[in-house]
2 protein chains.
Amino acid sequence: MSGRVTSRAVAERAGVSQSAVSRVFSGASASARTVEKVRKAAEELGYRPNVLARSLITGRSRIIGVVVAYLDNPFYPDALERLSRALQEEGYHSLVFIAPEGHNDTDRVIQQMLDHQVDGIIAASVGLGDELAARCKSAGIPVVLFNRGQPEANLPQVTSANHAGGRRVAEHLVAIGRQRIGHVAGWQGSSTGRDRTEGFLTGLSEAGIAPTGVVPGDYRRDKAAEVAEELVTQGADALFVGNDHMAFAVMDHLRFIMGWRVPEDVAIVGYDDVPMAAWAGYDLTTIRQPVGQMVEATVTALLAALDGATPGAQEINGPLIIRGSTGGAAHARI
Amino acid sequence: MSGRVTSRAVAERAGVSQSAVSRVFSGASASARTVEKVRKAAEELGYRPNVLARSLITGRSRIIGVVVAYLDNPFYPDALERLSRALQEEGYHSLVFIAPEGHNDTDRVIQQMLDHQVDGIIAASVGLGDELAARCKSAGIPVVLFNRGQPEANLPQVTSANHAGGRRVAEHLVAIGRQRIGHVAGWQGSSTGRDRTEGFLTGLSEAGIAPTGVVPGDYRRDKAAEVAEELVTQGADALFVGNDHMAFAVMDHLRFIMGWRVPEDVAIVGYDDVPMAAWAGYDLTTIRQPVGQMVEATVTALLAALDGATPGAQEINGPLIIRGSTGGAAHARI
DNA sequence: TCCGGTTTTGAATACGTGTGCAAACGCTAC
DNA sequence: GTAGCGTTTGCACACGTATTCAAAACCGGA
């Protein structure tokens, strides 16, 4: 009604001082009598502490900035939701920014977060300019990278074991008897993309097999489908696709546009194990990225950093989930 | 380095008063000379205004709270992303909260937003307790509902024309010659779910057809699949599913688990036209919810409300997109 | 009753910025 | 040179809260 209701108003009504009110709501010690009086007055007036003013004086906003890039890959909504929940459980809120296309813009977004006095930042699958990283550091704002490495930046980061995963895929495809194996790679500008590709090539070469072709799909559906067509035309009988999001596009294109059968004509493996991979329509063999564990590790690292620690890089292992797109459980015994 | 760098520090270095610095950064008038001096000093010190302090004194945070519920329905990540971008273009930031399961929790989430002094709230597909709505109103914080109506609350709201859409679906299914038509309804606790169902039933009755069955699927994949099996077992040769998210589950279940053919044995229609509906693997006939327009209308309404206006309810019309799951373009001429 | 020690309380100050007000300034026209 | 007017500037205060410090209240024991 009459403007904002402040702690002073509550104090006046309760017949105590403003500091008493503050103490009651910030959990400091106060006698049972005043607590009671203050609570009652606050209730009657509908008082709620102004978080801004509190943050201004304490220097802590209890807000974590979360930058995220592509929400069309279902891996990220899932991760975002879990991150948000996990942070809420720790008493933090999340200021979410969807990073625009260009990379400079990512930096601008993070700068805006700093302006908002966030206590920390989680960058999901986006890089961080060196200058800005330095800026965060000098401002004492910890940054944790989620699902992307940035070796030169020396930041705490949580990824899955992408190299090992890529290698595991190669082993699996070889084990089920495929000989002409192609790779629709992820964006090679990202550590995840590079690592998966490297691991995969390592695995192939260990088996003495040369890849039929390795072409980046850049995490884009249209490009992935195009690349896949190219590879199967060159005779590939198996494809490792850099993430599930692209793998779905590849399967759609091969099966419904080109008329190929999966896995009979061509086996497909993805990466992430997003929920959709388990749907009957795709039944996609893939490497699971354990989102829950990754989120947990990320939040733990961030909290540690907020406590002054300096967590390092962390890799979470994920299993190969064998499904129909490579022949299913029948082949799993290999 | 040495703690925060404040406007006073900049003032000192530039040889002007703190107010001068404030004026330069808040766009007020200042002489070219001082602007130059202040800019230079700020640059050297790496100064950035503290948004919290600014908000505290101006009473405006330029932050919009966005509550969203289910991120696993791909409609919402998409909407969230667009909302976020649209708000950023207007100079606002979005404080995103993922609403937990229970309804009481939604209220708690909104309360927390109020604590953070958001300038406005967008509630995407979540209801709003009466008491809390009143609270927002008395606090002067405008609330706009996105993709959910709440007639009794008298709040500005943006939905698609769900009743008309449901009716259009009935017309289409009748037009392609289906006689035994079932409905896997959305959650009847939501206005969207109810309206679509009502419109659909209206359309059927206008055609003189009684539905083969109407069972709520509650926007959940597992339940939708279960319900769909039940309906086709009762002889349905067409199903209207309350949203695309459930429709995919229904198609997967019918085709890959039960071995039915779509659309030969059973025609399927969804609602939303999420990107996935156009994928070759589903090729789903559906009513398009024009997310772009809905987002635009929502932001416009919110801005208007921030300016003191009181926008009303708004319905955005969306076309029926005919695809393979009801026989495709061949039937579109009807 | 009085005293030492512990807890509670209120006054005052700080956080970093925007803004009203009056003084200082710059410029033009006489 | 000076009166006059519009613009710029600095001072002081405000926003709503947390927190320091000293004073006050309390409590149990002698």
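Hydrogens, waters and symmetry mates are skipped; everything else that's a heavy atom, side chains included, is used. Proteins get letters first, then strands, A, B, ... in listed order; numbering begins at 1 in each.
The minimum heavy-atom distance between B/Asn147 and B/Phe75, with the atom names listed, is ND2-CE2, 3.4 Å. Residues A/Gly149 and A/Ser191 come closest through the heavy atom pair N-OG, 2.6 Å. Pairing each heavy atom of A/Leu56 with each of B/Leu52, the nearest pair is N-CD2, 4.1 Å.
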Enumerate, atom names and distances included, each donor-acceptor pair closer than 3.5 Å involving a side-chain atom of residues 119-135 of chain B, sequence neighbours excluded.
unit_1	atom_1	unit_2	atom_2	d
B/Asp119	OD1	B/Ser61	N	3.0
B/Asp119	OD1	B/Ser61	OG	3.3
B/Asp119	OD2	B/Ser61	N	3.3
B/Asp119	OD2	B/Arg62	N	2.7
B/Ser125	OG	B/Tyr76	OH	2.2

Pairs under 3.5 angstrom only: tabulate donor-acceptor contacts from the side chains of residues 293-302 of chain A to other protein residues two or more places apart or in another chain.
unit_1	atom_1	unit_2	atom_2	d
A/Thr298	OG1	A/Met294	O	2.7
A/Thr300	OG1	A/Glu296	O	2.7

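Contact footprint of chain A on DNA chain D: nucleotides with an atom under 4.0 Å from a non-hydrogen protein atom, first to last in 5' to 3' order, D/dG16 to D/dT20. Interface limits on DNA chain C: the 5'-most and 3'-most nucleotides within less than 4.0 Å of chain B heavy atoms are C/dG16 to C/dG20.
Screening residues 21-43 of chain A for salt bridge (charged side-chain N to carboxylate O under 4.0 Å, His left out) gives A/Lys40-A/Glu44 as the qualifying pairs, with residues at least two apart or on separate chains.
Across all strands shown, B/Thr34 has heavy atoms under 4.0 Å from sugar-phosphate atoms exclusively, and none from any base. At the heavy-atom level, B/Thr6 lies under 4.0 Å from the strands shown only through sugar-phosphate atoms. Counting non-hydrogen atoms under 4.0 angstrom, B/Val21 reaches nothing in the nucleic acid. Note on A/Ser22: a base of the nucleic acid sits closer than 4.0 angstrom, heavy atoms only.
Take the nearest nucleotide of DNA chain C for A/Val16 and for B/Arg48: the residue whose nucleotide is more 5' is A/Val16. Each of B/Ser31 and B/Ile57 was assigned the nucleotide of DNA chain D with the nearest heavy atom; the assignment lying further toward the 5' end belongs to B/Ser31. Where B/Ala53 and B/Ala32 each meet DNA chain D at their nearest nucleotide, the meeting point lying more 5' is that of B/Ala32.
Under a 4.0 Å N-O distance rule, the pair B/Glu81/B/Arg85 qualifies as a salt bridge.
A/Ser94 has its side chain within reach of A/Ser84: a pair of non-hydrogen atoms, C-beta onward, lies under 4.5 Å apart. Looking only at side-chain heavy atoms (C-beta outward), B/Phe146 and B/Val66 stay at 4.5 Å or farther from each other.
Just one residue in the list A/Arg54, A/Arg48, A/Arg4 forms a salt bridge (charged side-chain N to carboxylate O under 4.0 Å, His left out) with B/Asp115, and that residue is A/Arg48.
Fit an axis to the five pairs at each end of the helix from C/dT1-D/dA30 to C/dC30-D/dG1 and the two axes sit 40° apart, to the nearest 10 degrees.
Atom CD of B/Glu12 has 12 or fewer heavy atoms from other residues, nucleotides or ligands within 6.0 Å.
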